[in-house]
Every structure is written in C-alpha cells, then in structure tokens.
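Right, one structure below, let's go through it.
Everything numeric here is computed off the predicted structure, so don't read it as measured data. Each chain gets a letter, A, B and so on, in the order the sequences are listed, and its residues count up from 1.
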Amino acid sequence: MVTLTHAHLNNNQQSPPKTLSALSTDLISSYFNKGSIEDAHTLFDEMSHRDVVTWTAMITGNISCNRHNRAWDMFSQMLKHGVRPNAFTVSAVLKACKGLHYLNALSCGKLVHGLAIKNGTRGSSIYVDNALMDVYATCCDTMLDARTLFDNIVIKNAVSWTTLITGYTHRGDAYAGLRVFRQMFLEEGELSPFSFSIAVRACASIGSGILGKQVHAAVINHGFESNLPVMNSIVDMYCRCRLAYEAKQLFCEMTHKDTITWNTLIAGFETLDSKESFCIFSRMVFEGYSPNCFTFTSVVAACANLAVLHCGQQLHGEIVCRGLDNNLALSNALIDMYAKCGKVADAHKIFIEMPCTNLVSWTSMMIGFGAHGHGKEAVELFNEMVGSGIKPDKIVFMAVLSACSHAGLVDEGLRYFRLMTSYYNVSPDRDIYGCVVDLLGRAGRLKEAFQLIENMPFKPDESIWVSLLGACKAHKEPSMGKFVASRVLDMKPNRVGTYVLLSNIFAAEGNWADFAISRKLMRGMRNKKEAGRSWIELKSQVYSFIVGDKSVFSNELISEALELLIMHMKDVGYVPDLDSFVHDLEDET
DNA sequence: GCGTCCAAAA
C-alpha cells in the first residue's frame, strides 16, 4: 500500500506548486529508479486521475527495468482508456518494441508507426523519427526501411546518425556503417561520443587496425579523448585487431579508468595471451578495483585456454563467495573451463544445476561431451535442447557433428546434417561442410568425403582439404593423399605440414626421388613452422615444452611425470604413430 | 512531472 504523505507534497517550495498528478509522476519515476516496480504500479493503480505524462512514466519505467512486455501492456491499456499518446509516449514505446519477442517486435513497431502518422508526431519530433528508424534498423531483414526514414529526416541530429551507423554495424555490415560515419563528417552532421564508439566497434568487428587507428585519431581531433566509454571501445578495438602493444599502451596512458576499462583489457588478452590476462587481473585487484561477472567470465575462459584446473577451481570458489555463481554467462564459461580441463563430470554438474540456460550453455556442454568422446550424450543433449524450445544455430550443429565425428557416430551425424536444412532451417556454411568432411574422413569414408567437397555449394578452402588430407594419412590412402596434398599446395604453398605428410607418403612407398624433392622444398621454409608445444601442470605450476626441450627434460619432476604418462598410455594400448614422424632426424638440432 | 543512439560470453 502506498500513500502520498505530507512530506511528498511539501518538497517543492521554490518553483510553482505542482499538481497532484505531477507529484505522483515524480514518485513513480523514483520508484522505478530504485527498482521498486511493484510500488510504482500500486501507486499508479491508486491514482484517481492519470494523464499522458503519468502513463508515459509507467511505460519508460518498465523499460528501464527491462520489462518490455509490461511496458507494451501499459501502452495498450493507455489506448483503451482513451488517452492520446504524445511524442514522448511514442518514442518510449518504440523502444519497448525492440525488446519484445522477435516475432512481435516488427509488427508492434509498425502499429506504432501508423499511430505516429495519425497523431502527427512522426515527422515533427526528432525523437519519434529516430526511435522509429531504430526499430526498423534492428528488426527488419534489411536496412532499406531504416535508410528511407533516415533520408526523410530533414534536420538530422547526432542520434539519427548514430542509429543508422549502429543499424549497419550490428547486423554485420561494418563497412556500410563506416561509410555512413564518413558521410556524417562530409555533411557536417552533429558529432557525439556515441557515434565514435560505434564506429570504433565497426573497425573492431572487421579486425581493421588501419581504419581503427584513423577513427582513434578522429576521436582525439574532436576532443572525445576524455570520454571513458569511447576510450574503452578503442582499447577493445586494438585487442580485437590483435594489436596487443597498442591496446596496452593506450590503457597505460589513460588517466581515468573504470571497471569496464580493466574488463576490456582482460577480455582482450584472454584471446591474445591468456597468461597475460591473469597478470592484468591481479593488477586490477591489487589496484583496488572489484572484479565483476564480466571479469570472471574472461579469466575463467583464460583458465580454459591454458587448461589450468587448479586455477579454475580457485576462481570458481571465489565466484561462489561473491554470489556470482548464478550468472548465466559466467556459468557457461565454467562449463567450458571444466570440460577443457578434462573434468566433464564437473562441467555437467554446473550445467544441470543452472536455474536457467541458453543456447551457449547447451553448446558448451555438448562441445565438452564431444571432446571427451561422449558422442551419444552430446546427441541426447541436442534432442533435449530442441525439446525445451531452444532454436539450434550453426554453432550448435558444429558441436553435434564434431561430437559424432569423435565418437564414430557417422550415420547419426549425417542424419543431423540433413535435418539441419530440411527441418531446422539452418543453412550449412563452409565450416559445417568442414565438420561433415571430418566426420566422414575420420571414419575412413574418404570417397564420400571427397564427393561432398566436390558437390558443396562453396569453393573449398584450404582448411577443408587439410582435413581430408589428415584422413588420408590416418587411413593410409597414399593415392588420394597425394591428390589432396596437391590441392592444399595450390592454395597454400607455404604449409610445412603438407610437405611432411607428402614426403612421408613417398618414403612409405619407397619413392625416394620425390621424397628428396619434397624434403628439399620443406627445408626451405623450416623457419616458418611453429613447433608443436605440450603442456603439463605439476604441483600448481604449468610447464610447456617442445620436442627435445633439454631444459625441461632435465627437470626430474617433469621427466618422471612424463614417464608415468607414457607407461599408462602403453598400458591402454597406445602405439606411437611413426608415420607422422619427420624421417630425417639428423638435422633436427 | 514523461522520450531516441555507444561500450562486455561458445
């Protein structure tokens, strides 16, 4: 029960006295601000007279608390009560449309569009025009409608430009976004920090450090260097463009930092250099910043990359202590971490205890099962996921196919490959074809794999041939192996692995002349090959080494552990594959 | 008393 007290009515002595409805609106907004949604609704329900402003406050309040459906409900109730929406209402409710279920968003937006034309707010309020453009930019299949609306706005403001740039960028057309960004300068449109950060984001999404640096320069020239969100997005851009030095340099030069700045750098280094992301993480804590769920998501992912179980477990403990363990993204990261550290059971425990899951949770769990050879479990999980109403995407199909491939469930995998287009309406891309080639190849069905490559609707790239090449090697198919190797060499003449394989095929059939040629070619590019690296975690310390690494093998702890491992491998029937060995060891110094 | 756009997970 909420009542207006004397104190509420008395808080405004300077300016002219407010009406009761104005005061109630004030109160409603402040209830929403502190998250007391129900109090706001109770107060609203008890009001005897509600005007447009009050109704609009209810709509925006619900939007600010992510209650888009409820905001839409308030709007339709308002119409039923015969209250005419103004420009404020229209722009607000258009924002709510974006948050509705994707099947309703566009039709609701169009409905409001019609209303806006009828009441004359469309074309007379820049807020309405911009919000409308945003709905079309986010919900339509193409940018055509949004573009037409934009072109019809006579006096565009900074939000108009940003909305258009964002529309293009978020649907993956970063170049179009950047063209609009440039057009904005040419037409001397109003600049805002928002447009700069989305332009930076566009550069990041195409991985173009060159364009990114140009936008960075523009940021400095226009005095947005003091804007923290803009600078954070530039740090993010440098990381995504794999410019680690530039990212760190900028980070160090920034006089003002917030948690997002740290999180951005940590997330960036998670992919660039996982070990380094830990160092940044501990410096963040040392400098007194409090890590949040985004921070932990990145460092847990770093643990997964490095496969350092102890570290991951410690972080997990910390996450539980801080009460962050019901965060969706973080739980997904933990599933992935445990699976990659070899603890599928622990990953599964997290998965089944999650109060709510999304597509990523299921995919991570399936990848985990697949990587450990539990193909059947992965397939069951897929069926369960579809049954629970989650629509599969391309990546989850990659997970199923790869799980089937590793568990030898070839026909099962092929069935899902067919269902993918015929039932789930997901069109396979080159990566999916790669998975199917791998599935067939691993099972030794090389002819079918080859036919699939020949008949697929894409031009085969190098990686798909490499996958088949591996299968030829594993199933000892020298003739097809030679053919496939020549395809790989056509596309990527510098790939040392191809020569190793080819020369070993020649050696196996005693063709020493061709062997010599391939070895010679290979030697010419030796320095380009990166050595295979192994990792081992002993007593909470990670050691990494390459073949013949003397410093590591002189370490007793490691050599003992490795000997034990080798004994164990032999016990379970492992026979070393000498075919993949480089045959001339004498020059392997 | 009410409004539109930016920056974070497989």
Side-chain angles (χ1 to χ4, degrees), chain A residues 12 15 18-30 32 51-61 63 85-96 98 121 125-135 137-138 157-167 169-170 192-202 204 224 227-237 258-261 263-264 266-268 270 292-298 300-301 304 327-336 339-340 358-368 393 395-396 398-399:
Chain A
N12 208 329
S15 34
K18 286 188 180 181
T19 63
L20 188 59
S21 108
L23 281 166
S24 313
T25 311
D26 259 354
L27 196 52
I28 285 174
S29 302
S30 63
F32 278 116
D51 59 13
V52 212
V53 184
T54 325
W55 279 101
T56 310
M58 289 305 290
I59 295 168
T60 53
I63 296 170
N86 63 14
F88 286 84
T89 326
V90 173
S91 49
V93 79
L94 282 167
K95 188 178 179 177
K98 283 203 305 170
T121 49
S125 159
I126 187 72
Y127 287 97
V128 170
D129 289 350
N130 288 342
L132 202 53
M133 180 172 61
D134 192 28
V135 169
T138 27
N157 68 6
V159 179
S160 324
W161 287 102
T162 311
T163 306
L164 193 67
I165 301 168
T166 309
T169 307
H170 279 179
S192 84
F194 291 88
S195 60
F196 280 92
S197 32
I198 187 65
V200 171
R201 174 76 214 174
F224 290 112
N227 185 291
L228 202 46
V230 171
M231 297 317 279
N232 288 344
S233 66
I234 297 177
V235 172
D236 177 62
M237 178 274 295
D258 63 1
T259 311
I260 299 181
T261 320
N263 285 351
T264 305
I266 292 170
E270 181 262 305
N292 62 17
C293 53
F294 290 101
T295 328
F296 281 110
T297 304
S298 299
V300 168
N327 178 277
L328 182 60
L330 192 43
S331 300
N332 292 346
L334 285 169
I335 293 175
D336 189 50
K340 290 209 172 108
N358 67 2
L359 184 62
V360 179
S361 330
W362 293 82
T363 309
S364 307
M365 195 59 243
M366 284 165 62
I367 291 173
D393 72 345
I395 301 179
V396 84
M398 286 178 60

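Across B:dG1, B:dA9, B:dA10, the shortest atom-to-atom separation from the side chain of A:A329 is found for B:dA9. Of the candidate nucleotides B:dC2, B:dC6, B:dT4, B:dT4 has the atom lying nearest to any side-chain atom of A:V159. Comparing B:dG3, B:dG1, B:dT4 against the side chain of A:K95 picks out B:dT4 as the nearest. Checking B:dT4, B:dA7, B:dC2 against the side-chain heavy atoms of A:S29 singles out B:dC2 as nearest. Checking B:dA10, B:dG1, B:dA7 against the side-chain heavy atoms of A:T25 singles out B:dG1 as nearest. You'll find that the side chain of A:D336 is closest to B:dA10, out of B:dT4, B:dA10, B:dC5.
Scored by the side chain to side chain donor-acceptor pair (under 3.5 Å) test, A:N232 finds A:D258, A:T261 as partners (sequence neighbours excluded). With sequence neighbours excluded, the residues forming a salt bridge (Lys or Arg N to Asp or Glu O under 4.0 Å) with A:D134 are A:K98, listed by chain and number. Taking A:F224 as the reference, A:F196 meet the ring-ring contact (aromatic ring centres under 6.0 Å, His included) condition, with sequence neighbours excluded. Taking the salt bridge (Lys or Arg N to Asp or Glu O under 4.0 Å) definition, one finds that A:K95 meets it with nothing, sequence neighbours left out. Residues satisfying the ring-ring contact (aromatic ring centres under 6.0 Å, His included) criterion with A:W161, sequence neighbours excluded, are A:F150.
Contacts between residues 227-234 of chain A and DNA chain B, counted as heavy-atom distances below 4.0 Å, involve A:P229.
Side-chain to base pairing of A:D51 with B:dG1: one donor and one acceptor N or O lie within less than 3.5 Å of each other. Contact annotation: side chain of A:S21 to base of B:dG1, donor-acceptor pair present below 3.5 Å. Between the side chain of A:S125 and the base of B:dG3, a donor-acceptor pair under 3.5 Å is found. Between the base of B:dC6 and the side chain of A:S197 there is a donor-acceptor pair shorter than 3.5 Å.
Within 4.0 Å of A:T163, counting heavy atoms only, lie sugar-phosphate atoms of the nucleic acid but no base atom. Among the heavy atoms of the strands lying under 4.0 Å from A:D393 is at least one base atom, whether or not backbone atoms are also near. If you check every strand for non-hydrogen atoms under 4.0 Å, A:A87 touches a base.
Judged purely by atom type and a 3.5 angstrom limit, A:T162 uses its side chain to pair as donor or acceptor with the backbone of A:A158.
Remark: P of B:dG3 and CG of A:N157 are 16 Å apart, rounded to the nearest angstrom.
The phosphate of B:dT4 (OP1 or OP2) has no side-chain N or O of A:K98 nearer than 4.0 angstrom.
Lacking a ring centre under 5.5 Å from that of the base six-membered ring together with a plane angle below 30°, A:Y127 does not count as stacked on B:dT4.
A:S160 and A:N130 form a side-chain donor-acceptor contact under 3.5 Å, judged by distance and modelled atom types alone.
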